[in-house]
Amino acid sequence: MAKWRTWLPWLLLVAAGLILPAILPPFRLNLLGRFLSLGIVALGIDLIWGFTGMLSLGQGIFFALGGYAVGMHLQLLALPPGELPEFFGLYGVKALPAFWQPFHSPLFTALCIWVLPALVAGVLGYLVFRNRIKGVYFSILTQAALLVFFNFFNGQQKLINGTNGLKTDTARIFGELVGSDSMQRNLFWLTLVLVVAAWALCRWLTRGRFGDALIAIRDDEPRLRFTGYNPTAYKTLVFAIAGAMAGVSGALYTVQSGIVSPQYMAVPFSIEMVIWVAVGGRGTLIGAVLGAVLINYAKSLVSEQLPETWLFIQGGLFLLVVTALPDGLVGWWRQGGPRQIQAMVGWPPLAPTYPGLDLDPAVQAEREALGSTPGGAP
Amino acid sequence: MTVSASTPVLELRQVSVSFDGFWALNDLNLSLAPGELRAVIGPNGAGKTTFLDVITGKVRPTKGDVVFRGRSLLGIAEHRIARLGIGRKFQTPRVYQNLTPRRNLELAVKGSHAPFSLLFGRLDSRQRDRVQQLLAVVGLEAHASQRAGSLSHGQKQWLEIAMLLAQDPDVLLVDEPVAGLSEEETERTGALLRSLAGDHTVLVIEHDMDFIRELDCPVTVLHEGHVLCEGPMEAVQSDPRVIEVYLGVEDSGVEDDA
């Protein structure tokens, strides 16, 4: 039974990975792939916010950096040798800017997607955490940094096509157009694998003593300091990891959307990321992924039918979570939410004994002690 | 009589702390001999907590110096001071509510506290034994796997004391360890602290006069940020200055404002 329960989710996941591409139209599959890739940035936010208590409103920076890295590579890949990406001609740029050169290399790009955001996050984080900036001030600071990056990228027509962004669909990988259905299907699978990998990484990080230290930072940072821990090191490391995950997420999102633009660094988008995690469940890793996928799917479905109402629904969802479900959907589920609903509709779940007895550890310990002595009470 | 002939393990030299012109500590001198058990009392606002903040690096003194084993602690970060061997228990029990008592202790147990050693290293058998032993000492074995937030106030007090012991510091600074404890728990805490002195240097801040008497150790009285007098409990109690500022409600007894 226990084994079955461990394997079932994985079996379902593999089955979904095989069946969905067969039954979903390419457009829907592509949407799902994009939303799954957003699950990775949400996992990073869960790590820094749900576990470590740092609410970053600037994850769009790292998301976009990953997107631009892969976008620049695909721009170059789409060209015949010796030519420049088209937009350079519009601004009278004759030679490829030096920082574009390394993006000819697929290996460099693959590293840059996550190392560059991790470095930026690490440096930014270190400066902030070393000065013990936290709470609301940290959130405001990350949002300010986001705006700085947003405005900078918007204004750089001559370097990265400014506000128009970079298109990625016309490049070919292994002779196949990036925008083609079969390549998009491969990218869906890649996304699925990377979401699972990101989840596994987060689980590994949060399960043991390292995860306990993160929770301790969230709940009582000064206390941890007086125990001999240096919270700055932990926070910097975790913020860099979340940055790297945002970069990977942004790269996957870019190749499945066909474009990367400064809009990825728009303020509302980074706030939405936080809402996905809040709705799915802070501190529950699976909740972050579920929140990202469900909310974005709902958004696209609602927007197709009633484009004006989505923002109201999203705001309503956030209010609902803040007021009624502080631990999100997954937290509510784990804390016995369904049983409460059951009890509310007049069909309470049956308990074999008084729940107080079954839950009290002292009673349980006593029961075990009695059970182990020969002739003890049954 | 309170300062033994050996060099002090911890010394505060003319420490003054000013918060916007208010002198929370005022020319405070105090030294602790290795292995000593010392009680610090004083009316509210005497600067007891600020005094611990200064030692543990939370507050930087405006004037004066704090010396630990011949080394000044000024300007050293809190976590480094803790690693040097100064542990602190807070006034209100501060345990990590969302972790179990066992995990609370596993975080506190002596060893490397660097991120990578927590990620890749495991607790060795000595550390695990220590955690188990401490759970037994404070009677939390049956509660080892339950959220610490659901423990009673007394259990949290004891868990925090266990966390302090897990750190295995040379100097233990214990702020109001028996606030809110039952009589029996208070007695056991006193016995525990007395047994620690000798191997460790223990400084206890308390309001509970019966408890201080039970500790049977030198007492330092703080008043308005400086040391009013030092000596055994009986001597301190009969000191007219102390009676005036602190104890002088009745002739025979002592007011207990814990």
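Both backbone and side-chain heavy atoms feed into the values below; hydrogens, waters and symmetry mates do not. Because the structure is a prediction, the values reported are computed rather than measured. Residue numbers begin at 1 in each chain, while the letters A, B, ... track the order of the sequences.
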Original post:
What part of R207(A) gets closer than 4.5 Å to chain B, counting heavy atoms only: side chain, backbone, both or neither?
Top reply: backbone
Original post:
By a 4.5 Å heavy-atom criterion (distance strictly below it), what part of Q167(B) contacts chain A: side chain, backbone, both, or neither?
Top reply: side chain
Original post:
If you look at every heavy atom in P115(B) and A233(A), which pair is closest and at what distance?
Top reply: CG-CB, 3.8 Å
Original post:
From H79(B) NE2 over to T232(A) OG1, what is the distance, rounded to the nearest 0.5 angstrom?
Top reply: 7.0 Å
Original post:
Which value, rounded to the nearest 0.5 Å, describes the distance between R225(A) atom CZ and H113(B) atom NE2?
Top reply: 14.0 Å
Original post:
Any chance CZ of R80(B) has more than 12 other-residue heavy atoms, nucleotides or ligands included, within less than 6.0 Å?
Top reply: no
Subject >> Distance in Å, I215(A) CD1 paired with N98(B) CG, rounded so as to fall on 0.5 Å steps >> reply: 7.0 Å
**OP:** Select, from I86(B), L123(B), L84(B), the one with the greatest count of heavy-atom pairs under 4.5 Å involving chain A.
**Re:** L123(B)
Subject >> Atom group of E78(B) that falls short of 4.5 Å from chain A, counting heavy atoms >> reply: both
Subject >> Proximal component of I81(B), with respect to chain A [non-hydrogen, under 4.5 Å] >> reply: neither
**OP:** Hey, can you tell me if F226(A) and F90(B) have their rings parallel, tilted or perpendicular (30° and 60° cut-offs)?
**Re:** tilted
Subject >> Donor-acceptor pair, side chain of R209(A) and main chain of L118(B), under 3.5 angstrom >> reply: no
Original post:
In terms of heavy-atom contacts, does CH2 of W114(A) have more than 12 from other residues, nucleotides or ligands at under 6.0 Å?
Top reply: no
**OP:** Identify which part of D220(A) has an atom lying under 4.5 Å from any heavy atom of chain B, answering side chain, backbone, both or neither.
**Re:** both
Original post:
What are the two closest heavy atoms between L107(B) and A216(A), and how far apart are they?
Top reply: CD1-CB, 3.8 Å
Subject >> Options K58(B), Q146(B), R88(B), R103(B), ranked by heavy-atom pairs under 4.5 Å with chain A, top entry >> reply: R103(B)
Subject >> chain A contact via L99(B) - side chain, backbone, both or neither, heavy atoms under 4.5 Å >> reply: side chain
Subject >> Side chain / backbone / both / neither for A114(B) at chain A, heavy atoms under 4.5 Å >> reply: backbone
